[in-house]
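Presented below is the structure to which this report refers.
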Amino acid sequence: QIQVVESGGGSVQPGASLRLSCEASGYPFSNMFVGWFREAPGKVREGVAGRSIKTGETYYGKSVKGRFTMSGDSAKNTVYLEMNSLQPEYTGVYYCAAGAYMTGGSWQRRPLSTLEYSYWGRGTQVRVSS
């Protein structure tokens, strides 16, 4: 069974950067897809970024495109979310989630949908405030 564990959250001022990490285990890392989701106070969980470890294809939510970068390190079974120029609207709990990648599978059609991800971490808090 896939397990994912997030780390790297914290409290920062507007304009600062943070890097979140997500370490995966329990399944061949190269055959996974991994995503980041944000749950802001009072709002539904939304997709931030999703990546196929196998192909490297990466997708971003509209609100973070050009500001966040998702990458992977297969040697460490870890993905990262580099967040730059953070603003208060990015405050929330960030969850890492994963699934088993299948060529031609439904993940490629909706890589930022929570419905595609079966395995979830406990989340890490990011708070952006002056």
Side-chain angles (χ1 to χ4, degrees):
Q1 181 171 333
I2 295 174
Q3 294 183 321
V4 292
V5 179
E6 311 95 334
S7 60
S11 295
V12 297
Q13 292 188 335
S17 298
L18 271 178
R19 188 177 78 161
L20 305 182
S21 301
C22 172
E23 183 174 0
S25 61
Y27 193 78
F29 187 67
S30 61
N31 290 337
M32 289 184 188
F33 57 82
V34 185
W36 286 101
F37 295 80
R38 176 176 65 237
E39 190 168 313
K43 295 188 177 180
V44 298
R45 194 171 299 186
E46 66 169 327
V48 173
R51 181 180 178 91
S52 162
I53 306 303
K54 188 180 208 49
T55 66
E57 56 189 308
T58 307
Y59 303 89
Y60 296 97
K62 290 180 181 179
S63 66
V64 305
K65 203 166 186 178
R67 195 186 295 264
F68 290 8
T69 302
M70 184 175 181
S71 61
D73 185 340
S74 294
K76 296 181 179 180
N77 286 4
T78 299
V79 296
Y80 304 98
L81 184 68
E82 188 75 37
M83 307 185 293
N84 297 315
S85 301
L86 286 165
Q87 298 300 318
E89 55 263 35
Y90 293 116
T91 292
V93 179
Y94 283 71
Y95 294 90
C96 179
Y101 181 86
M102 294 177 60
T103 302
S106 59
W107 176 83
Q108 290 173 297
R109 292 190 291 277
R110 47 182 196 177
L112 300 182
S113 170
T114 57
L115 299 177
E116 293 296 327
Y117 295 79
S118 298
Y119 304 96
W120 292 79
R122 294 186 175 184
T124 185
Q125 176 74 52
V126 172
R127 186 172 287 109
V128 185
S129 174
S130 56

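Since this is a predicted model, take the numbers as computed values, not measurements. All heavy atoms count here, side chains included; hydrogens, waters and symmetry mates do not.
Atom CD of residue Glu82 and atom CZ of residue Arg19 lie 6.5 Å apart, to the nearest 0.5 angstrom. The CG atom of Leu112 sits 14.0 Å away from atom CH2 of Trp36, with the distance rounded to the nearest 0.5 Å.
Legend: disulfide (SG to SG under 2.5 Å) pairs involving residues 82-130, not counting sequence neighbours, sorted by first then second residue: Cys22-Cys96. Listed by first and then second residue, the salt bridge (Lys or Arg N to Asp or Glu O under 4.0 Å) pairs that reach into residues 101-126 are Arg110-Glu116, sequence neighbours excluded.
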Taking distance alone, no hydrogens or angles, what donor-acceptor pairs closer than 3.5 Å link side-chain atoms of residues 123-130 to residues at least two apart or in another chain?
unit_1	atom_1	unit_2	atom_2	d
Thr124	OG1	Gly9	N	3.1
Gln125	NE2	Gly92	O	3.3

Quiz: residues 56-67 side-chain donor-acceptor pairs under 3.5 angstrom, not counting sequence neighbours:
unit_1	atom_1	unit_2	atom_2	d
Glu57	OE1	Tyr59	OH	2.6
Glu57	OE2	Thr55	OG1	2.8
Glu57	OE2	Tyr101	OH	3.2
Glu57	OE2	Gln108	NE2	3.3
Thr58	OG1	Arg51	NH1	2.8
Thr58	OG1	Gly56	O	3.0
Tyr60	OH	Met70	N	2.9
Arg67	NE	Tyr90	OH	3.0
Arg67	NH1	Ser85	O	2.6

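A chain of hydrophobic side-chain contacts below 4.5 Å, direct or via other Ile, Leu, Val, Met, Phe, Trp or Tyr residues, connects Phe29 to Leu81. Follow the hydrophobic side-chain contacts under 4.5 Å out from Ile53 and you never reach Trp120; the two are in separate clusters. Hydrophobic clustering of Ile, Leu, Val, Met, Phe, Trp and Tyr side chains at less than 4.5 Å, counting indirect connections, unites Val48 with Leu20. Tyr95 and Val79 are members of different hydrophobic clusters when ILVMFWY side chains are connected at heavy-atom separations under 4.5 Å. Clustering ILVMFWY residues whenever any of their side-chain heavy atoms sit less than 4.5 angstrom apart, transitively, puts Phe37 in a cluster other than the one holding Met32.
Here the side chains of Gln3 and Val5 are not in contact, with every heavy-atom distance at 4.5 Å or above. Counting heavy atoms from C-beta outward, Glu6 and Tyr94 have side chains that stay 4.5 Å or more apart.
Closest non-hydrogen pair, Gly121 versus Val4, comes out as N-CG2, 3.3 Å. Across all their heavy atoms, Tyr27 and Ala100 have their closest contact at OH-CB, 3.5 Å. In terms of heavy-atom proximity, Glu39 sits nearest to Lys43 at CG-O, 3.7 Å.
With sequence neighbours left out, the side-chain contact (heavy atoms from CB on, under 4.5 Å) criterion links Tyr119 to Gln1, Ile2. Taking Thr78 as the reference, Ser21, Glu23, Lys76, Tyr80 meet the side-chain contact (heavy atoms from CB on, under 4.5 Å) condition, with sequence neighbours excluded.
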